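Note that the structure is predicted; figures quoted are calculated from it, not measured. So you know, we letter chains A, B, ... as the sequences are listed, proteins then strands, and number each from 1. Side chains are part of it too, since the values below use all heavy atoms of this structure and drop only hydrogens, waters and symmetry mates.
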2 protein chains.
Amino acid sequence: MPDVPLQPPAKHAIDDGMNVHSASPSTTPTVRERVIAAAIELFARDGYFQTSLPDIQQQAGVSIGAIYRNFASKDELAATVYDLVLDAIGELFRVNLDGRDDFLERFRGLLSDLFRLTEERPELIEYALYVKHREISQEIGPVCSSEPFVYLQARVADAMRRKQLRSGDVVVTTATLMGPPLRLIQLSLDGLLRPPLAGTVDTLIDNARRALAP
Amino acid sequence: MPDVPLQPPAKHAIDDGMNVHSASPSTTPTVRERVIAAAIELFARDGYFQTSLPDIQQQAGVSIGAIYRNFASKDELAATVYDLVLDAIGELFRVNLDGRDDFLERFRGLLSDLFRLTEERPELIEYALYVKHREISQEIGPVCSSEPFVYLQARVADAMRRKQLRSGDVVVTTATLMGPPLRLIQLSLDGLLRPPLAGTVDTLIDNARRALAP
DNA sequence: GTCTATACTCAGATAGAC
DNA sequence: GTCTATCTGAGTATAGAC
């Protein structure tokens with residue numbers, strides 16, 4: 001995956017959100033874009049500390065000097081990538097969860113998108129969810145407190161107010177919603193899940209509804 | 001995986017279970033034991049790659065030479081620690097899930113123990129669940145395929161046969177059971193969960209029962 | 001067996017040619 | 001702006017005294 005735009009798969013906005021190409025729609029990717037794409041892939045596959053700048057240099061097909069012209073340090077590169085990926089995920093959350101109709105139906109849409117993204121761009125999800133960003137930089141807070149998850153909690157609280165979800169502790173309810181799909185994503189990334197993730201959405205939503213509907 | 005056992009003394013194997021001090025109940029810990037204890041703490045807190053042998057040396061109060069007399073390499077130390085920790089967790093699973101009475105009541109016991117362990121020995125849980133062991137050594141498989149989780153899936157399948165759980169995909173059902181508590185553990189380790197984990201057990205089991213009971 | 005001092009490797013980062 | 005060559009420091013691992 002050299003030049004890695006997030007091609008517009010559908011109505012959803014992953015594309016722009018994650019479009020690593022700043023403003024060049026289908027031109028040859030810039031050095032910066034190539035470096036970012038390589039970093040996502042290698043950081044997710046081998047981990048941050050086991051990915052050296054020479055590795056990135058080779059994968060991106062640029063020189064060390066060019067990398068340092070675009071990023072002050074390896075850390076800053078990682079932070080940039082983190083922000084980009086989290087923005088993309090955040091967009092997915094917002095596109096799906098906005099609205100007032102039945103919360104669990106909106107949530108179903110989110111799961112479908114997350115699962116699709118896991119299968120199309122596993123390195124992206126791997127990077128967002130399972131790279132230990134705190135090890136890289138203490139500046140970065142834990143994923144759980146990142147914008148998408150905070151947003152999700154707000155929507156859960158809102159759904160409770162609207163009696164679309166049983167009242168209860170927001171944190172526990174959110175964990176009950178996201179825990180199972182995240183676990184399946186992890187299994188899928190580890191290659192331990194045979195069938196496609198998409199096939200589990202109905203069951204997950206059914207379970208969530210029994211557990212959490214008022 | 002030589003000495004440093006975690007004997008299962010009482011019915012709950014934790015306290016002494018993870019007693020790094022091997023067969024010597026209250027003797028001065030050996031070098032090996034001190035190194036292992038330091039490694040668990042530092043690997044979990046700072047990550048494997050950001051923990052140097054001088055760090056471990058200092059924390060354990062031993063010399064580099066002594067470390068290398070007990071472990072062939074930093075990798076081997078990590079692998080040893082991993083096995084020990086996973087054995088302890090596995091014991092927790094077995095102690096709680098053995099038996100034939102209502103599965104979800106047995107599962108409740110497991111959650112209580114896991115949560116207690118998370119609060120008493122967070123570095124242990126952190127190390128078992130969230131250190132990316134595959135980055136350290138490709139020899140080590142993903143946590144999800146580790147002995148405790150495989151065992152859990154077997155018990156879930158068994159509970160389905162006994163009509164204690166609704167029939168369905170074993171992997172999805174297991175994810176539905178473990179996903180929420182694991183997520184709460186993650187939040188707790190990140191310091192984002194105010195109340196004690198133990199207080200969530202009842203809700204988690206209630207949710208699981210509604211979702212998964214026949 | 002445990003220690004200290006040291007060798008070796010390779011990472012991240014920089015300088016200066018083009 | 002991009003490259004190659006090089007510096008510097010950290011970290012793993014070893015050698016050899018005690």
Side-chain angles (χ1 to χ4, degrees), chain A residues 2-3 20-24 27-43 45-82 131-133 135-140, chain B residues 2-4 21-24 27-39 41-43 45-82 131-133 135-139:
Chain A
D3 73 89
V20 174
H21 310 241
S22 10
S24 46
T27 324
T28 306
T30 67
V31 166
R32 183 184 177 84
E33 293 157 356
R34 294 230 296 277
V35 171
I36 288 177
I40 294 181
E41 183 166 340
L42 295 179
F43 286 165
R45 196 189 65 195
D46 302 328
Y48 176 78
F49 293 104
Q50 283 196 312
T51 301
S52 67
L53 287 173
D55 291 339
I56 293 176
Q57 172 217 20
Q58 197 166 2
Q59 170 91 11
V62 301
S63 70
I64 295 272
I67 296 177
Y68 275 96
R69 186 145 296 275
N70 285 275
F71 303 95
S73 65
K74 189 184 174 190
D75 273 28
E76 199 207 85
L77 170 57
T80 302
V81 169
Y82 182 75
V131 171
K132 299 200 71 183
H133 303 279
E135 283 184 16
I136 299 170
S137 156
Q138 293 85 331
E139 308 293 305
I140 299 177
Chain B
D3 39 277
V4 187
H21 313 239
S22 68
S24 45
T27 321
T28 306
T30 67
V31 166
R32 183 185 177 84
E33 292 157 356
R34 295 229 295 277
V35 170
I36 288 177
E41 184 167 339
L42 295 180
F43 286 165
R45 197 190 65 195
D46 303 327
Y48 176 78
F49 293 104
Q50 283 197 311
T51 301
S52 67
L53 287 172
D55 290 339
I56 294 175
Q57 170 216 20
Q58 199 167 1
Q59 169 91 12
V62 302
S63 72
I64 294 271
I67 297 177
Y68 275 96
R69 186 146 297 276
N70 285 275
F71 303 94
S73 65
K74 190 185 173 189
D75 272 28
E76 199 208 84
L77 170 58
T80 302
V81 168
Y82 181 75
V131 171
K132 300 201 69 184
H133 304 280
E135 283 185 15
I136 298 171
S137 158
Q138 293 85 330
E139 309 292 306

key: Residues forming a side-chain hydrogen bond (donor to acceptor under 3.5 Å, both in side chains) with B/Asp46, sequence neighbours excluded   = none
ask   = Taking only residues two or more places apart in sequence or in another chain, which ones pass side-chain hydrogen bond (donor to acceptor under 3.5 Å, both in side chains) with A/Ser137?
value = none
request  = Can you sort out the partners of B/Ser63 under side-chain hydrogen bond (donor to acceptor under 3.5 Å, both in side chains), two or more places apart, ordered by chain and number?
outcome  = none
request  = Do nucleotides 8-14 of chain D as a string where each nucleotide becomes B, S or -: B if the base has a protein heavy atom under 4.0 Å, S if just the sugar-phosphate does, - if no protein is that close.
outcome  = ---SSBB
message = For a 4.0 angstrom threshold against heavy atoms of chain B, report the outermost contacting nucleotides of DNA chain C in 5' to 3' order.
response = C/dG1 to C/dT4
task = Would you check if the side chain of A/Glu33 reaches a backbone N or O of A/Thr30 as a donor-acceptor pair within less than 3.5 Å?
result = yes
ask   = Which residues pass the side-chain contact (heavy atoms from CB on, under 4.5 Å) test with B/Lys132, sequence neighbours left out?
value = A/Glu126, A/Tyr130, A/Lys132, B/Glu135
key: Non-neighbouring partners of B/Ser73 that pass side-chain contact (heavy atoms from CB on, under 4.5 Å), sequence neighbours left out   = B/Asp75, B/Glu76
message = Which residues pass the side-chain contact (heavy atoms from CB on, under 4.5 Å) test with A/Val35, not counting sequence neighbours?
response = A/Val31, A/Ile56, A/Ala60, A/Val62, A/Ile67, A/Phe71, A/Leu77
